[in-house]
Amino acid sequence: MDKNILFQSFNINNTELKNRVAVAPMTRISADQEGFVTDRMIKYYRSFAEGGFGLIITEGTYIDEKNSQTYQFQPGIALDGQAKEWKKIADAVHSEGGKIFMQLQHTGPLSQGNRFTVETIAPSAVQPKGEQLKFYLGEGAFKRPRTITKEEMVDVKYSFVEAAKKAKSAGFDGVELHGANGYLLDAFLTEYTNVRTDEYGGSTENRVRFLVEVANAVTEAVADEQFIVGMRISQSQVNDYFYKWSGKEVDAEIIFSALGKSGLNYIHVTEFEAWQPAFEGSETSLVSLAKKYSELPIIANGQLENVDRAIEMLTDGGADLVALGKGALADHDWVNKVQQGEALSTFNAEATLHPIANIKDFEIE
């Protein structure tokens with residue numbers, strides 16, 4: 001297969017990415033206790049840019065001093081001082097020729113470490129499935145959240161907007177709104193975590209409404225030809241791996257069409273295996289459905305560290321870029337290695353993510 005497509009440049013608006021390969025957002029809980037960037041994080045993110053990745057998307061970053069934090073030692077963008085420290089990472093990536101987007105996250109019902117509050121909020125007061133993740137310093141069942149009020153929803157939109165402004169001021173090239181994996185925005189989209197009876201619950205059109213409102217608010221505030229706003233979307237969640245949209249392609253059409261008209265510049269689709277059919281009885285991937293119905297640039301994530309798989313997604317799979325998680329962790333220089341025809345490493349989950357998923361010395365030496 002012709003691997004040259006991996007190394008072609010790609011433009012989102014007037015932001016030119018030097019190739020089609022991105023680092024996916026990955027939680028590494030390596031900030032300090034107050035959510036400030038550390039030297040270890042600067043070296044970590046710089047290493048991916050040195051390794052040839054055209055785009056780096058940061059780990060989920062909390063957006064306020066209320067209910068948004070997900071993990072202990074998670075970085076934040078709630079404070080001007082945090083933004084100032086993040087600028088060091090943006091500058092480091094830019095110095096190596098890469099672009100960097102910050103992923104903005106509100107945890108919703110799935111927090112397992114928030115220094116500002118002990119309570120969690122969600123679309124509805126539904127007990128989350130599963131248990132907290134030990135390698136992210138969690139233990140036992142998730143807390144039962146309380147129902148978010150409409151006034152708090154306005155506050156959350158404001159927090160996303162203000163966080164995006166801070167990221168822009170810190171020199172980032174864009175932001176990615178975390179609408180995936182069971183966190184607050186995705187909890188609105190998920191049928192069993194959203195049992196509201198107002199205009200934000202019930203039909204798929206209602207359940208996607210808050211995601212669209214947040215996208216509208218952020219894009220109106222910060223998006224321009226040089227600053228990009230995207231959103232990450234998934235079916236599966238960190239605590240419910242096999243969840244699928246019950247409406248199948250009808251749901252996909254409603255969700256991606258609405259997001260396509262929301263002002264977003266791209267959608268980042270993550271599935272366990274990005275090329276696989278999205279739904280039982282279908283032959284079409286969620287990536288292809290996102291492309292068809294949103295008509296936006298699409299980033300695909302999900303087991304694409306295999307070079308041939310990545311090429312297939314870019315040529316026939318509906319993706320404009322591929323984002324690597326495990327592949328990037330195994331080889332911070334994945335892009336350079338592929339370009340030079342070198343053998344790729346096998347991801348060692350035990351060494352990299354256990355017992356705690358923080359950044360290890362061997363990753364930044």
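Side chains are part of it too, since the values below use all heavy atoms of this structure and drop only hydrogens, waters and symmetry mates. Just so you know, residue 1 is the first one in the sequence shown, and it goes up from there.
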Could you give the distance from CG (L264) to CG (N216), rounded to the nearest 0.5 Å? 8.0 Å
Salt bridge check, E119 against R146: does any charged N sit closer than 4.0 Å to a carboxylate O? yes
Pair I29-F135, side chain to side chain contact (heavy atoms under 4.5 Å, CB included): steps then yes or no: CA-CA 10 Å; I29 56 172; F135 60 100; over 6 Å; no
Any donor-acceptor N or O pair under 3.5 Å, side chains T190, Q237: yes
Determine whether R209 and E205 make a side-chain contact, defined as any pair of heavy atoms from C-beta on separated by less than 4.5 Å. no
Hits for side chain to side chain donor-acceptor pair (under 3.5 Å) against K360, two or more places apart or cross-chain, chain-then-number order -> N358
Over 12 non-hydrogen atoms of neighbours within 6.0 angstrom of NZ in K244: yes
Measure across S285 and G317 and return the closest heavy-atom pair with its distance rounded to 0.1 Å. OG-O, 4.1 Å
Under a side-chain separation threshold of 4.5 Å, the hydrophobic residues clustered together with F272 are Y241, F242
With a 4.5 Å heavy-atom cut-off, do N19 and L6 have their side chains touching? no
N114 side chain reached by T107 side chain, heavy atoms, under 4.5 Å: no
Over-ring placement of K129 relative to Y192, 6.0 Å and 45° cut-offs: yes
Could you pull out the closest heavy-atom pair between D308 and N306, with the gap in Å? N-OD1, 3.0 Å
How long is the straight-line distance from CG of L304 back to NZ of K326, given to the nearest 0.5 Å? 9.5 Å
Which pair of heavy atoms, one from H268 and one from P25, lies closest together, and at what distance? CE1-CD, 3.7 Å
Option from R28, M102, M26 for which side-chain contact (heavy atoms from CB on, under 4.5 Å) with T58 holds: M102
Do side-chain atoms of S68 reach the backbone of D64 as a donor and acceptor pair under 3.5 angstrom? yes
Indicate yes or no for a side-chain donor-acceptor contact from S234 to the backbone of A180 under 3.5 Å, with no hydrogens or angles considered. no
Residues Q82 and F36: closest non-hydrogen pair is N-CE2, 3.5 Å
Does F347 share a hydrophobic cluster with I56, counting links as ILVMFWY side-chain heavy atoms below 4.5 Å and allowing steps through other members? yes
Starting from Y62, walk the hydrophobic network (Ile, Leu, Val, Met, Phe, Trp, Tyr; side-chain heavy atoms closer than 4.5 Å) and list everyone else you reach, by chain and number. F116
Going by salt bridge (charged side-chain N to carboxylate O under 4.0 Å, His left out), name the pairs with one or both residues in residues 7-24, residues two or more places apart or in two chains. none
Checking side chain to side chain contact (heavy atoms under 4.5 Å, CB included) for the pair I255/T204: CA distance, chi angles, key distance, verdict? CA-CA 7 Å; I255 292 162; T204 307; 3.8 Å; yes
Working to the nearest 0.5 angstrom, can you tell me the gap between T15 OG1 and D173 CG? 6.0 Å
So for atom CD, which belongs to E139, do other residues, nucleotides or ligands contribute more than 12 heavy atoms lying within a distance under 6.0 Å? no
Would you find a donor on one side and an acceptor on the other, under 3.5 Å apart, between the side chain of N194 and the backbone of L189? no
I'd like to know if the side chain of D331 pairs up with that of S345 as donor and acceptor (distance under 3.5 Å, no hydrogens or angles considered). yes
Do V126 and I148 sit in the same hydrophobic cluster, where Ile, Leu, Val, Met, Phe, Trp and Tyr count as joined when their side-chain heavy atoms come under 4.5 Å apart? no
Quick one: does any side-chain atom of Q127 pair with a main-chain N or O of F142 as donor and acceptor, under 3.5 Å? yes
Can you tell me how far CG of N206 sits from CZ of F188, rounded to the nearest 0.5 angstrom? 11.5 Å
Donor-acceptor under 3.5 Å (Q103 side chain, E176 main chain): no
Do other residues, nucleotides or ligands put more than 12 heavy atoms under 6.0 Å from the OH atom of Y158? no
Side-chain contact test, heavy atoms from C-beta onward, threshold under 4.5 Å: evaluate it for V37 versus I42 and give yes or no. yes
Near K337 NZ, under 6.0 Å, is it more than 12 heavy atoms from other residues, nucleotides or ligands? yes
Under 3.5 Å, is there a donor-acceptor pair between the side chain of W334 and the main chain of E305? yes
So do I356 and F73 actually touch side chain to side chain, heavy atoms under 4.5 Å? no
Side chain to side chain, I233 and L211, heavy atoms closer than 4.5 Å: yes
Is the distance between the ring centroids of F53 and H332 under 6.0 Å? no
M313 backbone acceptor or donor facing T315 side chain under 3.5 Å: no
Compare all side-chain heavy atoms of V175 with those of F160 and state whether any distance is below 4.5 angstrom. no
What I'd like to find out is whether the side chain of Y71 reaches to under 4.5 Å of the side chain of L137, using heavy atoms alone. no
Besides L321, the hydrophobic cluster formed by Ile, Leu, Val, Met, Phe, Trp and Tyr side chains linked at under 4.5 Å, directly or via other members, contains F10, I12, L17, L55, I57, F101, I228, Y266, I299
What about L344 and V23, same hydrophobic cluster or not, with Ile/Leu/Val/Met/Phe/Trp/Tyr joined at side-chain heavy-atom distances under 4.5 Å? yes
Which heavy atom of E34 sits nearest a heavy atom of R115, and at what distance? O-NH2, 3.2 Å
Atom NZ of residue position K3 - does it have more than 12 heavy atoms of other residues, nucleotides or ligands inside 6.0 Å? yes
State the CG-CG distance between L324 and L329, to the nearest 0.5 angstrom. 10.0 Å
Strictly by modelled atom types, are Y136 and Q74 linked by a side-chain donor-acceptor pair under 3.5 Å? no
Over 60° means perpendicular and under 30° means parallel, so classify the ring planes of W86 and Y45, tilted if in between. tilted
Could you tell me whether a side-chain N or O of S30 sits under 3.5 Å from a main-chain N or O of M41, the two making a donor and an acceptor? no
Would you say V250 and V212 are hydrophobically clustered, going by side-chain heavy atoms of ILVMFWY under 4.5 Å? no
Does T27 reach the main-chain N or O of E59 with its side chain, forming a donor-acceptor pair under 3.5 Å? no
Steps toward side chain to side chain contact (heavy atoms under 4.5 Å, CB included) verdict (I121, H106): CA-CA 10 Å; I121 54 175; H106 192 299; 3.9 Å; yes
Distance-only side-chain donor-acceptor flag, S95 / R46, under 3.5 Å: yes
Any side-chain donor-acceptor pair under 3.5 Å between S246 and E191? yes
Could you check whether atom CD of E280 has more than 12 heavy atoms from other residues, nucleotides or ligands sitting under 6.0 Å from it? no
Can you run down the salt bridge (charged side-chain N to carboxylate O under 4.0 Å, His left out) pairs that involve residues 210-236, sequence neighbours left out, and say none if there aren't any? K157-E213, K168-D224
For a quick test of reading the model, state the closest non-hydrogen atom pair linking N336 to G52 and the distance between them. OD1-CA, 3.5 Å
Should I5 and V287 be counted in the same cluster of Ile, Leu, Val, Met, Phe, Trp and Tyr side chains packed under 4.5 Å apart? yes
Rounded to the nearest 0.5 Å, what separates atom CD1 in I311 from atom CG in D316? 11.0 Å
Expected output: side-chain R196 to main-chain S124 donor-acceptor under 3.5 Å: no
